[in-house]
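Below is one structure, written out as structure tokens; comments come after it.
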Amino acid sequence: MSTGGEKGSTGGGEKGSGGGSSVKTPADFLKSIRGCPVVVKLNSGVDYRGILACLDGYMNIAMEQTEEYVNGQLKNKYGDAFIRGNNVLYISTSKRTLAEGA
Amino acid sequence: MATEEEIAVKEPLDLIRLSLDERIYVKLRSDRELRGKLHAYDQHLNMILGDMEEVVTSVEIDDETYEEIVRTTRRTIPYLFVRGDGVILVSPPLRTV
């Protein structure tokens, strides 16, 4: 089955700019944002904001201090929230201030 | 080229394993929510839940008043297999006021 010659990582990722770009591939981005406040948008349009604990290659996500936004704020999830990767539309970093109290 | 990195950091599924035999909250597609005790799961998020309550939420909008009518339907199921492709989110039970 293995035809050889095709490496899975780094698809045509060689950009000509030698300007010291910090992120090369999406996989590198995913590794670099652990522990950062993120916004995760699902295919259904629901927003989740929290601190990214970890994720995997399927875009399954584990987050802490997660808040769910549908139009306005619906629910607060304290502790861990696991999101199945097929629902994820995007993961974005945000400079969210942890101002949320009780 | 054999410098394959070992996965030193836990995967999200490893953290779900910490919730085994604990009560969890599961959000499914079609506006469904489950609360029950997690007996088993796999990488697809297929799950076995015990002592489970399902809440189905439906919102109707009145044509004249444009008022939103939120209805919830509950049922309890002692033992259930949940297919993973319907799962959106898994979490320890909510403690909303």
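Order of the sequence lines sets the chain letters (A, B, ...), proteins ahead of strands, with each chain counted from 1.
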If you apply the rule side-chain contact (heavy atoms from CB on, under 4.5 Å), what do you find for B:L45 with A:F82, and how did you get there?
CA-CA 10 Å; B:L45 290 197; A:F82 310 97; 6.0 Å; no
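In terms of hydrophobic clustering, with Ile, Leu, Val, Met, Phe, Trp and Tyr side chains grouped at heavy-atom distances under 4.5 Å, B:F81 and B:Y79 are assigned to a common cluster. Side-chain heavy atoms closer than 4.5 Å link hydrophobic residues (I, L, V, M, F, W, Y) into clusters, and following such links, even through other members, never connects B:L89 to A:V39. Under the 4.5 Å side-chain heavy-atom criterion for ILVMFWY residues, a single connected hydrophobic cluster contains both B:L18 and B:V90. A chain of hydrophobic side-chain contacts below 4.5 Å, direct or via other Ile, Leu, Val, Met, Phe, Trp or Tyr residues, connects B:L38 to B:L28. One hydrophobic cluster, built from ILVMFWY side chains closer than 4.5 Å, cannot hold both B:L13 and A:M59; they sit in different ones.
Neither the backbone nor the side chain of A:Y58 comes within contact range of chain B, judged by heavy atoms closer than 4.5 Å. Contacts of A:I61 with chain B are made by backbone atoms alone, with heavy-atom separations under 4.5 Å and no side-chain atom involved.
When all heavy atoms of A:N87 and B:V87 are compared, the closest pair comes out as ND2-O, 3.0 Å. Considering all non-hydrogen atoms of both residues, B:L15 and A:A62 come closest at CD1-CB, 3.9 Å. In this structure, A:R84 and B:G84 approach most closely via the heavy-atom pair NE-O, 3.0 Å.
Put simply, CG on A:L42 and CZ on B:R29 are 9.5 Å apart, with the number rounded to the nearest 0.5 Å. Rounded to the nearest 0.5 Å, atoms NE2 (B:H44) and CG (A:N86) are 12.0 Å apart.
Between B:Q43 and A:N60 there is no side-chain heavy-atom pair separated by less than 4.5 Å.
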